[in-house]
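What's counted below: heavy atoms across the whole structure, side chains too, no hydrogens, waters or symmetry copies. Here is how names work: the chains are called A, B, and so on, in the same order as the sequence lines, proteins then strands, and each is numbered from 1. Because the structure is a prediction, the values reported are computed rather than measured.
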Protein chains: 2
Amino acid sequence: MAELTERGRRTRQRIVEETGRQILAAGIGGTSLDDVRAATLTSKSQLFHYFPGGKSELVRAVAEWEGAELLAAQEPHVHDLSTRASWEAWRSALVDYYIGQGRWACPIGSLATEAAARDPELAATVAGAFGAWADLLAAGVRRMQEGGSVPADADPRRIAASILSAIQGGLVLSQPLHDPWPLEAALDQALHALDAPARSGS
Amino acid sequence: MAELTERGRRTRQRIVEETGRQILAAGIGGTSLDDVRAATLTSKSQLFHYFPGGKSELVRAVAEWEGAELLAAQEPHVHDLSTRASWEAWRSALVDYYIGQGRWACPIGSLATEAAARDPELAATVAGAFGAWADLLAAGVRRMQEGGSVPADADPRRIAASILSAIQGGLVLSQPLHDPWPLEAALDQALHALDAPARSGS
DNA sequence: TCATGATTGGACCGCATGGTCCAGTTGTAG
DNA sequence: CTACAACTGGACCATGCGGTCCAATCATGA
């Protein structure tokens, strides 16, 4: 690969984005390099030119890009989770991102399930994406703690993880039903952790 | 298939169980009929003898069996969720089932993610399995309501869905990390819905 | 004993897939 | 203008897969 020119970077990015779309819709196994090649109007040699490691390297690149994209899609809400209203705004935008735009699955979550066991390197990438996401949520929880609406002795990391789990698990239930209600119910229930009365003692 | 003799039923069951194991470890796409054939000491013809519809019919049979198996594995806890202590016992058994026995994934949840879009019939089977599971949990929540520890105006179905989501989502996070803590955190947080103070008014 | 149908073994087929290879084209720096 | 490297096109290959087929074997009831 050596160096990439502007054209090369654009072609590479086109491949990554299109592969991401295909994987979200059909999974890794359901996405063939020929599908990607056709959809991006490229050729086999280009795929292997930009991703010498073949499909697994391509999928890993997709995971990294989707991880960043996912956080970007939550702006500006995710950086201002200091009030209950901002959490609600974030929640609405997130549900719309998944359901309203017909995704019905999480780009990262679907990778996690499918490849956790088979590709350790991919698993690490996915874990990193989840970690970054959880960190942002935990920072928000901490802001709520400072405001006093969340008990000071609660662990922000655990609350963040439970909210993230609600999203992922809600999607798992919503997918086969093709109905957003489990996702919404799970997410709303998880957010109740932010409404806990700030009792002073343990 | 017409009629099955005792021997036939045992062979068929052996195929279903082994396929379930393979799918849990490697996913549907990562499970080839040859793998199953080798592990069960059967032949191709037997696979298609018992499952004329081919792989998709086999996978559907696996889904049905795993759904029943999953509920059976939660006995006797899941039929006695009337006290906080019984919920804790259920929780511990469940975490042990997934983590302690090295599963690291839900037999039904993994099917849900991988095949929701590709096989509508399988999606319906999976949705049914989730529904039966959620019904059991909702019945437990109702028992807690009767005992007064859960507000009467809460919707047991939504709480049950949120608990189930916590399990599924927690597993999604735990899988790539290979660490049970997100599952445990999510599940414990979700169970806090059972500790809500039974305020009288809305 | 014999006939019938359930059961089993395994060779075989066609196809899609991931991956290789090399020749041709484009862009750019000197 | 030219040389070199980035880029592109697409034919080609090996393999693994789902699925088909037919002949052999077993079990059972008449």
Taking atom types as they are modelled, is there a donor-acceptor pair under 3.5 Å from the base of [N] to the side chain of [X]?
{"X": "A:Lys44", "N": "C:dG19", "value": "yes"}
{"X": "A:Thr5", "N": "C:dG27", "value": "no"}
{"X": "B:Ser45", "N": "C:dG9", "value": "yes"}

Next on the checklist: Using a heavy-atom cut-off of 4.0 Å across all strands, would you classify B:Thr31 as base, sugar-phosphate, or nothing?
Outcome noted: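 Answer is sugar-phosphate: B:Thr31 comes under 4.0 Å of backbone atoms only.
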Which whole-number value in Å describes the distance from [X] [atom1] to [N] [atom2]?
{"X": "B:Leu47", "N": "C:dC12", "atom1": "CG", "atom2": "P", "answer": "20 Å"}
{"X": "B:Leu33", "N": "D:dT15", "atom1": "CG", "atom2": "P", "answer": "21 Å"}
{"X": "B:Phe51", "N": "D:dT20", "atom1": "CZ", "atom2": "C1'", "answer": "18 Å"}
{"X": "A:Asp35", "N": "C:dC15", "atom1": "CG", "atom2": "P", "answer": "18 Å"}
{"X": "A:Phe48", "N": "D:dG9", "atom1": "CZ", "atom2": "P", "answer": "16 Å"}
{"X": "A:Ile28", "N": "C:dA16", "atom1": "CD1", "atom2": "P", "answer": "22 Å"}
{"X": "B:Arg118", "N": "D:dG18", "atom1": "CZ", "atom2": "C1'", "answer": "14 Å"}
{"X": "B:Leu41", "N": "C:dG10", "atom1": "CG", "atom2": "P", "answer": "11 Å"}

Is any side-chain nitrogen or oxygen of [X] closer than 4.0 Å to OP1 or OP2 of [N]?
{"X": "B:Gln46", "N": "C:dT8", "value": "yes"}
{"X": "B:Tyr50", "N": "C:dA6", "value": "no"}
{"X": "A:Arg37", "N": "D:dG10", "value": "no"}

Item to check | Closest nucleotide among D:dT8, C:dT7, D:dG18 to the A:His49 side chain | outcome: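 For A:His49, the side-chain atoms sit closest to D:dT8.
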Item to check | Comparing A:Thr11 and B:Asp34 on DNA chain D - which has the more 5′ nearest nucleotide | outcome: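 The residue closer to the strand's 5' end, by nearest nucleotide, is A:Thr11.
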Checklist entry - So, does B:Glu114 use its side chain to make a donor-acceptor pair with the main chain of B:Gly27 at under 3.5 Å? => result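 Checking the backbone N and O of B:Gly27 against the side chain of B:Glu114, no donor-acceptor pair under 3.5 Å is found.
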Checklist entry - Angle class for the A:Trp87/A:Trp90 ring planes (parallel below 30°, perpendicular above 60°, tilted otherwise)? => result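 Ring orientation of A:Trp87 relative to A:Trp90: perpendicular.
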Next on the checklist: Looking at A:Trp65, I'd like to know if the NZ or CZ of A:Arg60 sits under 6.0 Å from its six-membered ring centre while staying within 45 degrees of the ring's axis.
Outcome noted: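 That pair does not qualify as a cation-pi contact.
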Item to check | Whichever of A:Arg7 and A:Lys55 has its nearest DNA chain C nucleotide further upstream toward 5' | outcome: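 Comparing both residues, the 5'-ward one is A:Lys55.
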Checklist entry - Judged by modelled atom types alone, do B:Asp80 and B:Ser82 share a side-chain donor-acceptor pair under 3.5 Å? => result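 On atom types as modelled, these side chains qualify, holding a pair under 3.5 Å.
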Item to check | More than 12 heavy atoms from other groups under 6.0 Å of CD on A:Glu121 | outcome: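 At most 12 heavy atoms, drawn from other residues, nucleotides or ligands, come within 6.0 Å of this atom.
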